[in-house]
S.K.: 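For reference, the structure I am asking about is given below.
This is a predicted model, so every value here is computed, not measured. Labels below follow one simple rule: chain letters A, B, ... track the order of the sequence lines, proteins then strands, and each chain is numbered from 1.
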2 protein chains.
Amino acid sequence: MSQQRHGSTPGGTGDVPAFPDLPEATIARLPEYLRALHNLGEGGADTISSEGLAAAAGVNSAKLRKDLSHLGSYGTRGVGYDVALLIEQIEYVLGLDQRRAVCLVGVGNLGHALAGYDGFASRGFKIVALFDADPAKVGERIHGLVVRHIDELSEVAVEESIAIGVIATPAGAAQAVADELVAAGVTSILNFAPCVLSVPANVDVRKVDLAIELQILSFHEHRKASLTALPGGRSATGAGTQEAVGS
Amino acid sequence: MSQQRHGSTPGGTGDVPAFPDLPEATIARLPEYLRALHNLGEGGADTISSEGLAAAAGVNSAKLRKDLSHLGSYGTRGVGYDVALLIEQIEYVLGLDQRRAVCLVGVGNLGHALAGYDGFASRGFKIVALFDADPAKVGERIHGLVVRHIDELSEVAVEESIAIGVIATPAGAAQAVADELVAAGVTSILNFAPCVLSVPANVDVRKVDLAIELQILSFHEHRKASLTALPGGRSATGAGTQEAVGS
DNA sequence: AGGCGCTTGTGAAGGCGTGCACAAATCGCG
DNA sequence: CGCGATTTGTGCACGCCTTCACAAGCGCCT
């Protein structure tokens, strides 16, 4: 209902959208919908129902419909959603229609892998620069990119219009790196270092702590162990229904 | 208030606790508190106020107090929390007092890095086995572990009492690997592959998709760009207050 | 043309999580 | 011994998110 602004967005002549400020929870799920849609599209599907897409994305169908309704009315009742159109819309909302330059700081164990991670490039993100503080690593060539010293960060960031930075340094160096990224004009940071970062209010930080995920799983293991200690005693391997407990 | 079961847990003689089912949001924050506490403890702090610990963990102090109150009353009014006692309590609740064996499937780009990630070992998780389907990788030695073929998974999992598995394979192989992990008795899975997994109800799955995090940041970049297009026009680098926008 | 089945979009209700504000409790000091 | 400063633990209200249930809309078949 209400006013629709249908196919005026991606192919538009550059008008600014003014988002209907999506709920944060919805934003976090859009990439998952997008991935599912790409899979379905490659499978030859032309349209997809909310039920089908929800199953492919691992969520409730009602939740999916409400999420998509926040973007506007891009479905057809009785039919479903046009896969290509929906892909286009979500990519537009997420800002994926424009290539986004990313830099990565910290070419250690994890950073090395991130530099070559296929998932970034396939989703439209291009790592354009690698930095490290260790002189021994500067000059090293990783997946086609030469590691530069971190002192060059500011210069390169401006030159390449880098807005997103990834921190893969030890925790002790992360805050200093974040400060340098901010000073270089970066406004979004993905932090893999296990520490809290202080940044200005206009900078977004998302944190990924691999160890935390394992600790959460550990809790559930502990809980399950304390429960199975009471009733059966045996571990119920290969139980029955299928259910994923996501984030 | 209510009944307290104070220092009866970690040093106890093996009684099963029966958790007061913590809110999921609280569980997800406990590892962060734990990390902050370890930092404070190494800094020589004996006790810490909720205000101080909240700052170190990057959360609101009221939220922290409510979270900790769910574990029981381990603080002293007018003083704060005993750092060592709180560490012990949180580690107990998370089940970190017992070493947890972890296996990792998929020794590609990302898996290679995860195998050597320091953060796992330092938090009490020990990767005891690496698997891959590629015969060319079987036999390779990575950080002191030899890569084994995935067909050996079931045998090794039982032998080493592995309850947690990490999937770092391409998306296409992830579901098959998950099935094999479940069949081998694994009841917690950390999935790095960009796909939805179907598992029995008694198995917990947590998903980490690195590309999704970047896409969420991309949305905020897009939003910020469309906002700054209206008022000032210049990017307000180096604004003022410090604020982190976490997960 | 009309009706029927299917699917979207949404109003409303319920649950969960957050943050405020304050009472209860503890320590230190005079 | 009592008082004030300090800090925890929590009742309460608010807002966000999820879920149900259903009306509105669309296409197809007769």
S.K.: Looking at side-chain heavy atoms only, is the closest gap between A:Q175 and A:L197 below 4.5 Å?
M.R.: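 Answer yes - side chains close enough.
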S.K.: Rounded to whole angstrom units, what separation is found between the CG atom of A:N60 and the P atom of D:dC20?
M.R.: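 Value for this atom pair: 6 Å.
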S.K.: Does any non-hydrogen side-chain atom of B:K224 lie less than 4.5 Å from one of A:S188?
M.R.: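 Heavy-atom side-chain distance check passes, below 4.5 Å.
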S.K.: Find the distance A:H70:NE2 to D:dT18:P and express it as a whole number of Å.
M.R.: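 A:H70 atom NE2 is separated from D:dT18 atom P by 10 Å.
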S.K.: Is B:Y74 close enough to D:dT7 that one of its side-chain N or O atoms is under 4.0 Å from OP1 or OP2 there?
M.R.: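 No, because none of the side-chain N or O atoms of B:Y74 sits under 4.0 Å from OP1 or OP2 of D:dT7.
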S.K.: Side-chain N or O of A:S50 versus OP1/OP2 of C:dT8: is the shortest distance under 4.0 Å?
M.R.: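 Yes.
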S.K.: Could you write out each protein N or O paired with an N or O of nucleotides 26-28 of chain C at a distance under 3.5 Å?
M.R.:
residue : atom : partner : partner atom : Å
C:dT26  : O4'  : B:R77   : O            : 3.4

S.K.: Distance check needed: C:dG9 P versus A:L53 CG, whole Å only.
M.R.: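 About 12 Å, once rounded to whole Å.
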S.K.: On DNA chain D, compare the nucleotides closest to A:E24 and A:R65; which residue's is nearer the 5' end?
M.R.: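 The residue closer to the strand's 5' end, by nearest nucleotide, is A:E24.
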S.K.: By nearest nucleotide on DNA chain D, pick out whichever of A:R29 and B:E51 is the more 5' one.
M.R.: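 Checking each residue's closest nucleotide, the 5'-ward one belongs to B:E51.
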S.K.: Whole angstrom is fine here: how far is it from CG in A:L86 over to C1' in C:dT8?
M.R.: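 Rounded to the whole Å, the gap is 13 Å.
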S.K.: Got A:L214 and B:R100 here, is their nearest side-chain heavy-atom distance under 4.5 Å?
M.R.: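 Not touching, per the 4.5 Å side-chain cut-off.
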S.K.: Look for any protein N or O under 3.5 Å of an N or O in nucleotides 11-13 of chain C and output each such pair with its distance, or none.
M.R.:
residue : atom : partner : partner atom : Å
C:dG11  : O6   : A:K66   : NZ           : 3.3
C:dA12  : N6   : A:K66   : NZ           : 3.1

S.K.: I'd like to know if the side chain of A:H38 and the backbone of A:I87 have a donor-acceptor N/O pair within less than 3.5 Å.
M.R.: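 No; judged by distance alone, with no hydrogens or angles, the pair does not exist.
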S.K.: Find the distance B:L71:CG to D:dG9:C1' and express it as a whole number of Å.
M.R.: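 Rounded to the whole Å, the gap is 13 Å.
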S.K.: Is there a side-chain contact between A:Y81 and the phosphate of C:dG9, meaning an N or O under 4.0 Å from OP1 or OP2?
M.R.: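 Answer yes for this pair, as a side-chain N or O of A:Y81 is under 4.0 Å from OP1 or OP2.
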S.K.: What distance separates A:L22 CG from A:L71 CG, expressed to the nearest 0.5 Å?
M.R.: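 Output value for this atom pair is 6.0 Å.
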S.K.: Going by heavy atoms in the side chains, are B:L68 and B:Y74 under 4.5 Å from each other?
M.R.: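 No, side chains not in contact.
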S.K.: Whole angstrom is fine here: how far is it from CG in B:D67 over to P in C:dG17?
M.R.: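 It is 10 Å, rounded to the nearest whole Å.
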S.K.: With the side chain counted from C-beta on, respond yes when B:L53 and B:L86 share a heavy-atom pair under 4.5 Å apart, and no when they do not.
M.R.: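 A side-chain contact under 4.5 Å exists here.
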S.K.: Out of curiosity, A:S218 OG to B:I164 CD1, how far, rounded to the nearest 0.5 Å?
M.R.: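 Reported to 0.5 Å precision, the distance equals 5.5 Å.
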S.K.: Taking only the side-chain heavy atoms of A:A62 (C-beta and beyond), determine which of D:dC20, C:dT18, D:dT18 contains the nearest atom.
M.R.: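 For the A:A62 side chain, the nearest candidate turns out to be D:dC20.
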S.K.: Using whole Å, report how far CG of B:L68 lies from P of D:dT7.
M.R.: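 These atoms are roughly 16 Å apart.
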S.K.: Check this one for me: any side-chain N or O of A:S49 less than 4.0 Å away from OP1 or OP2 of C:dT7?
M.R.: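 No, A:S49 has no side-chain N/O under 4.0 Å of OP1/OP2 on C:dT7.
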S.K.: Less than 4.0 Å between a side-chain N and a carboxylate O, is that true for A:R35 and B:D209?
M.R.: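 Salt bridge between B:D209 and A:R35, a charged N being under 4.0 Å from a carboxylate O: no.
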